[in-house]
Structures are given as C-alpha cells and as structure tokens.
Amino acid sequence: MLPWIYMSPNDKVRVRFAPSPTGHIHLGNVRTALFNWLFARKHGGTFILRIEDTDLERSEARYETQLIEDLKWLGLDWDEGPDVGGPFPPYRQSDKMDVYKGYAERLIKERKAYYCFCTAEELERDRQQAMAEQRQPNYSGKCRNIDPAEAERRRAAGEPAAIRLQIPERPIRFHDIVRGDVEFSNEVVSDPIIVRSSGMPTYNYVVVIDDADMKITHVIRGDDHISNTPKQVAVYEALGLPVPEFAHLSTILGPDRERLSKRHGATSVASFRDMGVLPEALMNYLALLGWAPSGGDREIFSKDELIKEFDLDRVNAAPAVFDFTKLYWINRHYIKQSPPERIHQMGTEALQRAGLLPASVNGNVSGWTNGLIDLLAPYVDQLDQLPEKAKIIFNHDAAAALALPENAELFASDKTKAVMQAFAKHAVNESPLTPERFKAIMDEIKAETGAKGKDLFHPVRIMLIGSHSGPDFNKLIPLIEDGSKLELPTHVKSVHERVTEFIATQKN
RNA sequence: GGCGCUAUCGUCUAGGGGUUAGGACGUGAGAUUCUCAAUCUUAAAACCCGGGUUCGAUUCCCGGUAGCGCUACCA
C-alpha cells in the first residue's frame, strides 16, 4: 500500500477557480471564486484561473471572455490564468490532452488501471438490475482481471476499451475543512473510468492532474463535487501525488429551497451589473452567504476587511437561501456611501439606456440630471430603477392621474376641488415657479380654502406628478421648471403646462 | 433504491453542557415629514422530532424525519 502524501500545511497557499465556459457565470460559481480569492489573499497565496473546457461541445470562447470580464468587474484578480500566463501552463484543459494520456499509460503499465471492454449497454443493464434489487449500482469488476497481454491483443484487434482506475480494497477518507473527516466505502466508489473508449479523459481524472500540476494546496469548490472526491483521492494516490486539502462549499438555493437557477430570476453576474448592483455590494452579500465573521454581528465589509476577516474554518456547511432583498439592502447602503460622481455617472447611463436622456449629456443637462438622480436615488435599491422613478418628471399624464381609483375619494371632496382651482389660478401666472413662491402660494390657498396638511398638499401633488406621494416640493419644483427649459428626447412639462393640462382634462 | 452532506427566528447567521439564545434583512408599531422613500426608536419572531450520556442538553452521541447533492464512457 502506498503511503499517503499530504500537503504540508506550511506550503504556500495555491488555490484555483476552474469554471467551464459553457454559459454566463452563475452566482454559486462566483461565490466559489470569491471564497478561493479571499482565502488566497488572506494567506498571501496564489489565486489561479483555469478554464475547464474538456467539454468541447458546450464550451465557447465568448463565454470565457465574458467570464473574465465578470470576475474583474466583481473585483477579483488572479495571479495565473489563461490571459496572464504563469509557471504551470497551460491554463486551459483543451491544450493538455497529451499530458493526460501520458499519465494514463503510466497507470496501465503500473497495473493501477486496466482496460475495460464492457459496452455501455452492458453497464447500463447491470446498473438497472442493481437498482431493481435495491443494491448500490457499482461496477462489477468484470474486466479487472483480464490479463494485460490479452487486453493488448483485444485492443489491437480493434475492440474499443475504456480505462478504469483500480480502487483499493479499503475505505477512502479525506479531510474537508468545512465538513471535517469524510469517509467513503470503496464499494461505493467502484472502479471509475478515467479515459473513455473514445480516448477522451474524464473530469474526475483530469482535474486531479491539473490540480497536481499546478501545485494546488486547497481545493475549494461546490459541494456537488463531494461524492466525486473519493474517486479523485484514489487518482492522487495511484499517481503518488500529494493530496490537497478540500473545502466543499454548500449549495446556494432559491427562495423555494431548490438549487438557485435561471428560474429564480437574475442569477448571473452580468444581470446584477445591468440592474445597477454595485460590485462591492454583490461581493459583500456573497461573502455573507455561508460565512460570518466571529461574533456574527457585522454585515458591511469592504474588500480589505473581508480579506482580513475571512477564513475557511468559519464557513458554514449548511445550504443557504439567496435573499435578493438583503442584497438590495446592502446595495442601497453602498449607493448611499458612494461618491456622488459615481452614482451620477451610473444613473445617467441608466437614464440614457431608457432613452430619457440624449446620448451625450453635458452642460446644463448634466447638472440637471445630477439633481434628478440625487432626488430619486433614495427611492431605489438598484440603479436601473431610476428611469421608472423618473416617470414623475418625464411622464406627466393628467388623464391617467384622474382615472386612478386611489385618487377617486380625494377628487370627490369639495375642499380638494377648491384647492386645485386655487392652485391653478395662482400658479398659472408664475413662470418659473420657485420654491419660495410655491410656499407663499400654498399659504394663501390655506387661508382661502381652510385646507391644511394632506388636504392641502395631496391635490397639488396629484396635479403635478399624478400621485399624492413623492419627493419634497422644494426639490421637485425647481427640477420640473429647470427641466422644462432643456432640450431632451422627452419634453419635461413645466408646472404651468402640468396645471393647465390637468384642469383642462378635468373639465372634460 | 443506495451513498454522502446538512438541520438555531420567514431568510442570512452568532453562540454554546447552566444565556433574558445575540446581530442583520424582511414584517408590525411609533417618531419625523404635506405625503411616500430614506432615517431613528421599538415589538413580534428560532434551537426539526425521539431516545441516550449528564445534576442539567438547543449544544455531545445514536436513531428518525426532511432538504440538498452524487449515484454516467457530463463537468
């Protein structure tokens, strides 16, 4: 029996994130990338990006580009990878096929692996039968004892053969930082195929070679790999390679407690970016999924604070439900504490995308836009909600406001009508209306009609923005008046226009 | 079916053989504001079930249940 060689804990930390470029990067994977990155940075180690594209059918170059862009956006960087190189290339599996082949031949020669001539149909039949008899469906071991010379003859004769790794007759155990010692019976592992009859190596085999070649010390990945780990440990041992530490991260679930997927809405990094979620907010939230600082009473962490506080031994093994609401709360926090210029910039882009602003914003328009964003930003937790909120400025629709059922009760009141009439009378002659004049007018109306509080302000607000709730008049009125003088794709109606239109519509 | 992992408020979690079981999101109430949002204060809200060990178990052990994962010549 081969002695197990473990990584010395003193070895410099080397970790990797190894995605398949088969689609947009998903939240669960990003969290895995983040934990790898945090662990590396925490311990002054190396973070490696490796592209697992052995599935040539589904892998696409554009996804690799996208993935790199997404990780960078989040704020991650890597020390070795397909785009930056490194001492252990290649960082793309598709460039390494001959290496895998060499190791497989060595295992055959050392009789740690053998050719298997069983057909897929045969295997499937055995499996079905085992299931029917309520047994563990594992490989029968039929080809294990075929004489190597005989196997060679059959292969030479053109019979297709896969290569199986011979699993030792003892339990396979490994250490997991998140879960402690894990043990699997060799019965369960059975002899896994490491090279298909097509000659293509399988994942559980290549991943070991890659990790060993790259001198990975800690394999941090999703817990969907935990049942594969004993197979991989067997490969390390057969090859006489040091076994790394493992850390299997729990699954991220959707609100229905099922694995988070597209069904649950936005789940790719790109979609959060497009929604106007700030990268530091996403990073902060993701770090809190399955990890908490000692004490557990802090929620907001900058990148540097995360690096300082994070460690794998505090990672929670239980699956976590992704809470969009909490992410948005964190995002609002970061929006509020961002430098205004940044939010102005991002908000302007969101309004441009919605077609509310011209492609190039400068001078008066720029100043006005910043004011608009300052007014509306407290109302949103994602920046892409700004155009919707900006409707109160851009889409004045008297008819719609009058038709709104929630306003009906108000319109029925004589007091309301009086206030509206009075406001129309005063405001029509004011152009532009200033906050000071507005206040004076409201005081006069109060005296004339006897209305005060909600009775006084609600009707006026409805005339101006169609709703009885909204931002402060002192900020709202200048924004409307200034906006009405700008050349914009959608004209902003002045107070005068809004009021006359409202009265006219009401009369009809 | 088999194997594995997991189990503290609705959600993310802290804690741990004796605690008023702590924090955060969300929810309710109050304050503030013309209103809404924001903000502040405040309240309600949890140790999956059953055995065992123990003077004492939510915490340790065993079993059950449930959720999730794996069970491929996918990754």
Side-chain angles (χ1 to χ4, degrees), chain A residues 18-20 22 52-55 57-59 93 116 118-120 123-124 127 130-138 160-164 176 178-180 182-185 187-190 192-204 206-207 222-231 248 250-251 253 255 257-259 285 288-300 314 316-330 332 336 375-381 389 442 446 451-462 465 467-473:
Chain A
S20 301
T22 54
E52 304 216 324
D53 59 349
T54 42
D55 189 346
E57 302 275 297
R58 293 191 297 152
S59 297
Q93 286 181 334
C116 173
C118 299
T119 62
L123 262 16
E124 180 58 21
R127 212 171 69 85
M131 297 268 270
E133 292 169 18
Q134 310 202 345
R135 284 183 294 111
Q136 171 74 30
N138 48 17
I163 301 176
R164 282 185 189 271
D176 188 295
V178 178
R179 288 150 215 275
V182 184
E183 181 179 304
F184 284 81
S185 154
E187 298 284 313
V188 178
V189 180
S190 79
I193 287 180
I194 58 172
V195 179
R196 288 178 260 255
S197 49
S198 67
M200 277 292 281
T202 60
Y203 167 78
N204 282 311
V206 300
V207 73
D223 71 354
D224 46 335
H225 287 288
I226 202 162
S227 305
N228 289 324
T229 306
K231 294 179 193 170
H248 286 99
S250 65
T251 319
L253 308 176
R257 311 214 110 244
E258 284 191 39
R259 197 195 194 99
Y285 178 71
L288 257 21
L289 265 192
W291 172 84
S294 116
D297 54 357
R298 264 186 80 193
E299 314 291 326
I300 301 297
R314 292 194 61 81
N316 203 148
V321 173
F322 192 90
D323 183 357
F324 290 88
T325 316
K326 184 152 184 179
L327 168 65
Y328 297 144
W329 172 78
I330 290 183
R332 193 156 59 226
K336 275 188 283 190
L375 182 77
L376 300 176
Y379 287 84
V380 305
D381 45 29
K389 295 291 176 193
M442 293 310 277
K446 194 173 173 181
K452 58 181 180 181
K454 293 182 189 182
D455 290 341
L456 178 63
F457 286 91
H458 277 186
V460 173
R461 194 184 294 281
I462 290 174
I465 63 169
S467 164
H468 58 71
S469 66
D472 198 77
F473 280 115

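The sequence lines fix the lettering, A, B, ..., with proteins before strands; numbering per chain opens at 1.
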S.K.: Can you see which heavy atom on A:Lys389 is nearest to which on A:Tyr379, and at what distance?
M.R.: CE-O, 3.6 Å

S.K.: Provide, to the nearest angstrom, the distance between the CG atom belonging to A:Asn138 and the P atom belonging to B:rU71.
M.R.: 14 Å

S.K.: Do any side-chain nitrogens or oxygens of A:Arg135 fall under 4.0 Å of OP1 or OP2 in B:rG1?
M.R.: no

S.K.: Could you please name the option among B:rC70, B:rC73, B:rG10 that lies closest to any side-chain atom of A:Asn228?
M.R.: B:rC70

S.K.: Ignoring backbone atoms, establish whether A:Asn316 has a side-chain N or O less than 4.0 Å from OP1 or OP2 of B:rA14.
M.R.: yes

S.K.: Select base, sugar-phosphate, or nothing to describe what A:Gly290 touches, counting heavy atoms under 4.0 Å on all strands.
M.R.: sugar-phosphate

S.K.: Does B:rC48 have a Watson-Crick or wobble mate here (both distances under 3.5 Å), and if so which one?
M.R.: B:rG64

S.K.: Using the C1' atom on both, measure B:rU54 against B:rA44 and round to a whole Å.
M.R.: 35 Å

S.K.: Could you tell me how far apart A:Phe322 (CZ) and B:rC25 (C1') are, to the nearest whole angstrom?
M.R.: 13 Å

S.K.: With rounding to the closest Å, how many angstrom separate the P atoms on B:rC36 and B:rG22?
M.R.: 32 Å

S.K.: Hunt down the Watson-Crick or G-U wobble partner of B:rA57, both distances under 3.5 Å, from any strand shown, or write none.
M.R.: none

S.K.: A:Ala320 side chain: which of B:rC68, B:rA38, B:rC12 is closest?
M.R.: B:rC12

S.K.: Counting only side-chain heavy atoms from C-beta out, which of B:rA72, B:rC36, B:rG1 sits nearest to A:Ser469?
M.R.: B:rC36

S.K.: Assign A:Pro137 to base, sugar-phosphate, or nothing according to its heavy-atom contacts below 4.0 angstrom with the strands shown.
M.R.: base

S.K.: Hunt down the Watson-Crick or G-U wobble partner of B:rC70, both distances under 3.5 Å, from any strand shown, or write none.
M.R.: B:rG2

S.K.: Whole Å only: how far is the CH2 atom of A:Trp329 from the P atom of B:rC25?
M.R.: 5 Å

S.K.: What nucleotide among B:rU35, B:rC25, B:rG2 has an atom nearest to a side-chain atom of A:Gln136?
M.R.: B:rG2

S.K.: Please report the distance, rounded to the nearest Å, between CE in A:Met442 and P in B:rU35.
M.R.: 13 Å

S.K.: Roughly how far apart, to the nearest Å, are B:rA21 and B:rG17 at atom C1'?
M.R.: 14 Å

S.K.: Expressed in whole Å, how much space separates the C1' atoms belonging to B:rC49 and B:rA66?
M.R.: 11 Å

S.K.: Rounded to whole Å, how long is the line connecting atom CZ of A:Arg298 with atom P of B:rA14?
M.R.: 15 Å

S.K.: Could you give the distance separating B:rU6 and B:rG18 at their C1' atoms, to the nearest angstrom?
M.R.: 28 Å

S.K.: Which whole number of Å gives the distance between the P atom of B:rC40 and that of B:rG26?
M.R.: 11 Å

S.K.: Is any side-chain nitrogen or oxygen of A:Lys336 closer than 4.0 Å to OP1 or OP2 of B:rU39?
M.R.: yes

S.K.: I'd like the P distance from B:rU65 over to B:rG28, given in whole Å.
M.R.: 39 Å

S.K.: Is atom CD of A:Glu187 surrounded by more than 12 heavy atoms (other residues, nucleotides or ligands) closer than 6.0 Å?
M.R.: no

S.K.: Among B:rC36, B:rA7, B:rA75, which nucleotide has an atom closest to any side-chain atom of A:Gln93?
M.R.: B:rA75

S.K.: Please check the phosphate of B:rG15 (OP1 and OP2 only) for any side-chain N or O of A:Arg314 closer than 4.0 Å.
M.R.: yes

S.K.: Which one, B:rA75, B:rG23, B:rA37, comes nearest to the side chain of A:Asp297?
M.R.: B:rG23

S.K.: Pairing check on B:rA43: which nucleotide meets the Watson-Crick or G-U wobble criteria with it, both distances under 3.5 Å?
M.R.: B:rU27

S.K.: Test for a donor-acceptor pair under 3.5 Å between the base of B:rC25 and the side chain of A:Tyr328, counting only N and O atoms.
M.R.: no

S.K.: Between A:Arg257 and A:Lys326, which is nearer to the 5' end of RNA chain B once each is assigned its nearest nucleotide?
M.R.: A:Lys326

S.K.: Mapping A:Asp224 and A:Ala162 to their closest nucleotides on RNA chain B, which lands nearer the 5' end?
M.R.: A:Asp224

S.K.: Identify the residue among A:Ile163, A:Val206, A:Ile194 that makes a side chain to side chain contact (heavy atoms under 4.5 Å, CB included) with A:Pro201.
M.R.: A:Val206

S.K.: How far does CG of A:Leu289 sit from CG of A:Asn316, to the nearest 0.5 angstrom?
M.R.: 10.5 Å

S.K.: Give none if B:rU32 has no partner; otherwise give the nucleotide forming a Watson-Crick or G-U wobble pair with it, both distances under 3.5 Å.
M.R.: none

S.K.: Quick one: A:Phe324 CZ to B:rC25 P, roughly how many Å, whole number?
M.R.: 19 Å

S.K.: Output all residues satisfying side chain to side chain contact (heavy atoms under 4.5 Å, CB included) with A:His225, sequence neighbours left out; order by chain, then residue number.
M.R.: A:Tyr203, A:Arg221, A:Asn228, A:His248

S.K.: Using a heavy-atom cut-off of 4.0 Å across all strands, would you classify A:His468 as base, sugar-phosphate, or nothing?
M.R.: base

S.K.: For the residue pair A:Asp224 / A:Thr251, report whether a side-chain donor-acceptor contact shorter than 3.5 Å exists.
M.R.: no

S.K.: Does the plane of the ring in A:Phe322 sit parallel, tilted or perpendicular to the ring in A:Phe324? Use 30° and 60° as the thresholds.
M.R.: perpendicular

S.K.: In this structure, how many angstroms lie between the P atom of B:rC70 and the CZ atom of A:Arg179, rounded?
M.R.: 13 Å

S.K.: Which nucleotide sits closest to the side chain of A:Leu253: B:rC68, B:rC5, B:rU6?
M.R.: B:rC68

S.K.: For A:Leu123, answer base if it contacts any base atom (sugar-phosphate contacts may also be present), sugar-phosphate if it contacts only those atoms, and nothing otherwise; contact means non-hydrogen atoms under 4.0 Å.
M.R.: base

S.K.: Please report the distance separating the C1' of B:rA7 from the corresponding atom of B:rU59, rounded so that it comes out in whole Å.
M.R.: 13 Å

S.K.: Could you tell me whether A:Phe184 contacts a base, only the sugar-phosphate backbone, or nothing, with contacts defined as non-hydrogen atoms closer than 4.0 Å?
M.R.: sugar-phosphate

S.K.: NA contact type, A:Gly453, heavy-atom cut-off 4.0 Å: base, sugar-phosphate, or nothing?
M.R.: sugar-phosphate

S.K.: Has the side chain of A:Ser197 got a donor or acceptor that lies under 3.5 Å from a partner of the other kind on the base of B:rC73?
M.R.: yes

S.K.: Of all the heavy-atom pairs spanning A:His458 and A:His468, show the shortest one and how long it is.
M.R.: CD2-O, 3.4 Å

S.K.: Please give the nucleotide sitting opposite B:rU20 as a Watson-Crick or G-U wobble pair, both distances under 3.5 Å, or none.
M.R.: none

S.K.: Mind calculating the distance between OH (A:Tyr285) and P (B:rU11) to the nearest angstrom?
M.R.: 12 Å

S.K.: Taking 4.0 Å as the cut-off, does a side-chain nitrogen or oxygen of A:Arg461 come that near to OP1 or OP2 on B:rC36?
M.R.: no

S.K.: If you check the A:Glu299 side chain, which of B:rA75, B:rA24, B:rC5 turns out closest?
M.R.: B:rA24

S.K.: From the options B:rC70, B:rA14, B:rC12, select the nucleotide whose nearest atom is closest to the side chain of A:Ala292.
M.R.: B:rA14

S.K.: Can you name the closest pair of heavy atoms from A:Cys118 and A:Leu123 and give their distance?
M.R.: CB-CD1, 3.5 Å

S.K.: Looking only at side-chain atoms of A:Ile193, point me to the closest of B:rU35, B:rC73, B:rC5.
M.R.: B:rC73

